Amino acid sequence: MSETKTYKLPIGPVHVGLKEPITAWLDIEGEHIKDAVIRPGAIHRGVEFMARERNPIQVIYLAERVCGICSFSHAIAFVKAVEDAAQIEVPIRAQYIRSMVLELERIHSHILWSGVACYTIGFDSAFHLGMMLREKVMDVLEALSGNRVNYAVTTVGGVRWDVTPAVVRTVMDMIHYYRNEFASFYEAAINDPVVKARLRDVGVLTTEQAIKYCALGPTSRGSGVRADVRWSAPYDAYCDIHVEPVVPQDYTGEVHGDVYDRFLVRVYEVLQSLDILEKIMEGLPEGSITFEPKVNKLLTVLKKAEGVGYGCIEAPRGDDTHAVGLKAQQENVQWWKVRAPTYSNAVSWPLMFKDNELADAPLIINSIDPCISCMERMVLSDTSSGTKSVVTKADLLKLCREKTDKTRRLMGA
Amino acid sequence: MILGLIMRVIAGIALMLLITVFAVLFEGVDRKLHAVMQRRIGPPLLQPVYDILKLLGKENIVPRWATPVFFHGGPWVAMIASMMVFMYIPMGSLPPVLNGSGDLILILYLLSLSGVAVAVGGFASGSPIANVGAQREMILMMSYEVPLAIVVSTLAWFAYKLGMPGHPFSLETYVATSVWSVVGKAGFLGLICLFVAILTVIPGETGKGLMDIPEAKTEILEGVTVEYSGVNLALLHIGFNLRGAAISALVVSLFFPFSLGKAIGLSGVPMAIIDFPWFWVKVFLVEVFGVTFLRTAFGRLKIWQASHFYWAQVGALSLAGMILISVDVLLH
């Protein structure tokens with residue numbers, strides 16, 4: 001028998017099935033994936049570097065723009081890190097409002113992902129249904145903050161917008177709407193035989209692998225690991241509201257660790273978020289919403305602060321960890337480190353790819369709900385000369401100056 | 001003799017143009033209905049026409065690794081083969097243009113040729129993604145040809161055994177005498193099985209909905225057509241549209257030959273005039289169900305799942321139809 005030939009096929013960096021640019025080089029044998037190599041490096045933005053020229057309040061708006069979908073999670077994680085460094089107490093009401101917006105964001109992120117998963121397998125009707133359902137939560141966020149994305153709700157020491165009775169009404173309406181309408185999406189997507197055939201036993205990540213490779217959020221919960229920051233290290237309103245991690249074995253009695261399980265986890269988490277929201281709205285305490293409403297005074301407090309702070313929260317895609325360094329008498333943030341959940345989850349990709357089919361490739365990439373621009377860190381390597389070498393910061397600076405000189409010469413300056 | 005030939009050529013060309021317009025218009029209807037079913041507004045009805053007109057005015061880009069002869073030849077052969085099918089299909093009460101020169105087997109061959117030409121074009125483009133698409137096209141074709149062949153041969157055997165007037169492999173036989181009118185109870189059930197089987201072949205033949213596998217834009221970026229642009233892409237689009245109309249026309253001729261003209265007591269030229277649009281209404285309805293409805297209701301299968309579906313499930317259904325019809329013939 002002749003040997004079967006494998007050939008390389010790229011999925012990405014620009015691909016219809018992917019939301020963001022990343023390349024998966026697949027070793028294909030017919031339709032079978034023998035091996036996969038993930039090559040990021042298409043969209044590094046240098047956000048952390050940009051923060052060093054801004055004060056903590058200005059960085060909040062930068063943090064929000066790390067990601068469009070979990071923008072509030074990034075902002076909260078950053079703000080928590082700053083509060084930790086400067087030892088600022090946040091009023092209880094503000095904590096509740098933060099948790100409320102985090103849950104709203106989780107609902108919109110999960111519905112969006114579920115729709116995109118349906119789109120990836122060609123089930124456009126479920127995708128459109130999902131997008132239509134998502135509108136309601138976007139409307140609520142708009143009613144609260146005036147924005148549909150990048151809500152700008154939080155600030156250091158509290159929140160900027162209070163929840164008015166009108167907003168409470170829209171949130172309660174939304175909960176009622178989803179309790180009635182979400183079932184149609186749920187039925188259409190979960191019970192559809194074609195969806196089941198496409199998602200079951202695809203991109204399997206076993207419980208052991210999920211633990212070993214440090215998967216986070218719905219990816220780890222889909223593999224049956226009870227991991228949820230809201231449960232293991234409660235913060236804000238979650239200290240009062242008990243949140244149990246959503247794992248497939250509690251609902252179906254078994255764990256496959258496949259894309260279908262991740263789908264189930266996200267769908268059930270939407271329902272769980274509705275319950276949490278209801279409890280938050282019921283228990284919303286009275287009081288102030290910010291530690292210091294005047295920005296100048298707040299900046300003075302922050303300027304005096306010195307130290308390192310951490311903030312870790314459960315974003316829709318998993319743990320979102322921010323660390324920040326502040327120095328006394330320095331207005332700007334000294335350093336800022338963002339660890340988005342995709343950074344940990346992406347490690348599991350090659351495992352998930354093994355022994356699947358080409359048709360599953362975009363679905364597997366999407367199954368961890370990747371946010372590539374949140375994840376990208378830069379390493380420049382020069383492979384053209386045959387000997388691999390890593391380009392350092394000094395090299396980059398030298399190359400940059402050479403290029404500028406060359407451009408100047410060309411322009412006759 | 002020569003005059004007859006010229007008349008045939010003129011009729012053929014006129015019919016081809018008309019059918020191309022119908023087939024492309026159907027895509028507009030399909031997209032609109034698909035959108036309405038998803039509670040969207042959707043594109044205007046004439047959008048596919050605009051698309052094709054735009055593409056016809058664009059440059060053909062040939063990839064560096066392509067084999068130009070096959071790369072350019074594929075779309076032309078695919079389109080012409082699907083067009084030729086209509087030369088052998090009776091339109092309502094009108095006889096086929098190439099009357100007596102071909103039969104059902106030829107139609108099946110032409111439909112396959114169209115698929116093969118698309119696949120050859122994909123292979124010839126030299127892109128690994130188009131290559132995967134072309135492989136999928138071939139596998140899908142091999143899968144749905146089995147139930148299609150069973151349906152057609154069962155009907156031919158049935159027509160032959162029951163002595164239906166005309167040649168058993170000629171479509172005119174089925175148009176003149178409806179198969180539903182000559183079967184018994186077992187045969188009726190058998191015909192339903194065959195009808196459902198051939199309906200499931202429509203998505204495969206058109207490459208839409210759950211059989212959108214060779215193109216699969218979210219997986220392999222439109223697969224076979226990924227390297228095509230300009231005129232070639234326009235031809236491919238027309239070819240795909242014609243293929244959808246052709247398989248639906250085949251289903252209509254085999255299973256719904258009912259004449260509206262005859263029902264309201266017309267004959268001759270008025271009957272032919274009434275039956276021609278009536279035939280197209282039926283084709284549209286079959287296509288709406290076979291293409292639009294199915295592609296709204298389902299996602300895309302994987303290639304081995306599609307193959308399994310056609311060989312096991314649809315194959316079993318068509319075999320059941322075959323057995324029921326055999327029982328019916330024995331009881332007669």
Side-chain angles (χ1 to χ4, degrees), chain A residues 5-12 14-19 24-33 115-133 135 181 184 188-189 192-202 356-366, chain B residues 30-31 33-42 65 126-140 200 203 207-223 225-226 291-309 312-313:
Chain A
K5 254 179 124 179
T6 59
Y7 59 98
K8 280 200 183 295
L9 194 81
I11 299 286
V14 180
H15 189 280
V16 189
L18 306 181
K19 288 189 282 182
W25 280 97
L26 307 176
D27 285 335
I28 301 278
E29 197 182 281
E31 288 265 333
H32 189 82
I33 302 173
V116 170
C118 291
Y119 171 72
T120 314
I121 58 164
F123 194 10
D124 285 4
S125 302
F127 166 69
H128 287 294
L129 189 57
M131 291 299 112
M132 220 160 56
L133 284 173
E135 277 306 299
E181 300 289 322
S184 60
D192 186 77
V194 176
V195 172
K196 225 172 197 168
R198 282 302 306 270
L199 305 188
R200 247 306 168 230
D201 298 322
V202 166
N356 277 284
E357 280 168 68
L358 175 59
D360 304 324
L363 190 63
I364 292 170
I365 296 182
N366 278 340
Chain B
D30 166 62
R31 285 169 72 172
L33 275 177
H34 182 57
V36 170
M37 285 185 206
Q38 294 172 340
R39 294 191 246 171
R40 288 188 290 128
I41 294 169
W65 308 111
S127 149
I129 288 170
N131 210 309
V132 172
Q135 286 173 23
R136 289 180 175 191
E137 176 89 39
M138 298 300 286
I139 295 169
L140 188 64
T200 61
K208 290 272 177 71
L210 68 172
M211 297 299 161
D212 179 20
I213 306 163
E215 280 153 46
K217 73 174 170 189
T218 49
E219 290 164 15
I220 49 168
L221 312 163
E222 303 283 354
T225 64
V226 69
V291 177
T292 316
F293 181 72
L294 290 183
R295 92 183 171 109
T296 311
F298 296 106
R300 181 191 316 118
L301 289 173
K302 283 191 260 190
I303 187 69
W304 65 266
Q305 288 169 337
S307 226
H308 183 266
F309 174 70
Q313 275 115 325

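This one's a predicted model, so the numbers in the text were calculated from it and none came from an experiment. Throughout, protein chains are lettered first and strands after them, A, B, ... in sequence-line order, and every chain is numbered starting at 1.
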Quiz item: Using non-hydrogen atoms only, which part of B:I129 is less than 4.5 Å away from chain A: side chain, backbone, both, or neither?
Solution: both
Practice problem: Using atom types as modelled and distance alone, determine if a side-chain donor or acceptor of A:R198 lies under 3.5 Å from a backbone N or O of B:R300. | Solution: yes
Quiz prompt | Criterion side chain to side chain contact (heavy atoms under 4.5 Å, CB included) on A:F127 and B:Q38, from CA distance to verdict | solution = CA-CA 9 Å; A:F127 166 69; B:Q38 294 172 340; over 6 Å; no
Exercise. Quick one: which of B:V132, B:N131, B:D212 has the most heavy-atom pairs under 4.5 Å with chain A, could you say?
Key: B:V132
Quiz item: Checking A:S125 side chain against B:T296 main chain: does a donor-acceptor pair fall under 3.5 Å?
Solution: yes
Quiz item: How far apart are the closest heavy atoms of A:D192 and B:F298, and which atoms are they?
Solution: OD1-CD2, 4.2 Å
Self-check item: salt bridge (Lys or Arg N to Asp or Glu O under 4.0 Å) against B:E215, all qualifying residues, sequence neighbours excluded
Solution: none
Quiz item: Rounded to the nearest 0.5 Å, what separation is found between the CD atom of B:E219 and the CG atom of A:D360?
Solution: 7.5 Å
Quiz item: Do B:Q305 side-chain atoms and A:A197 backbone N/O form a donor-acceptor pair below 3.5 Å?
Solution: yes
Quiz item: What part of A:L363 lies closer than 4.5 angstrom to a heavy atom of chain B: side chain, backbone, both or neither?
Solution: neither
Exercise. Check each atom of A:H15 against the heavy atoms of chain B and say whether the ones under 4.5 Å are side chain, backbone, both or neither.
Key: both
Quiz item: With respect to chain A, which residue among B:R39, B:H34, B:R295, B:R40 yields the maximal number of heavy-atom pairs within a distance under 4.5 Å?
Solution: B:R40
Practice problem: Indicate yes or no: does A:E357 engage B:R136 in a salt bridge with an N to O separation below 4.0 Å. | Solution: no
Self-check item: Verdict with reasoning, A:V202 to B:K302, per side chain to side chain contact (heavy atoms under 4.5 Å, CB included)
Solution: CA-CA 12 Å; A:V202 166; B:K302 283 191 260 190; 3.6 Å; yes
Quiz item: Which bit of A:V116 is near chain B, if near means a heavy-atom gap under 4.5 Å: side chain, backbone, both or neither?
Solution: neither
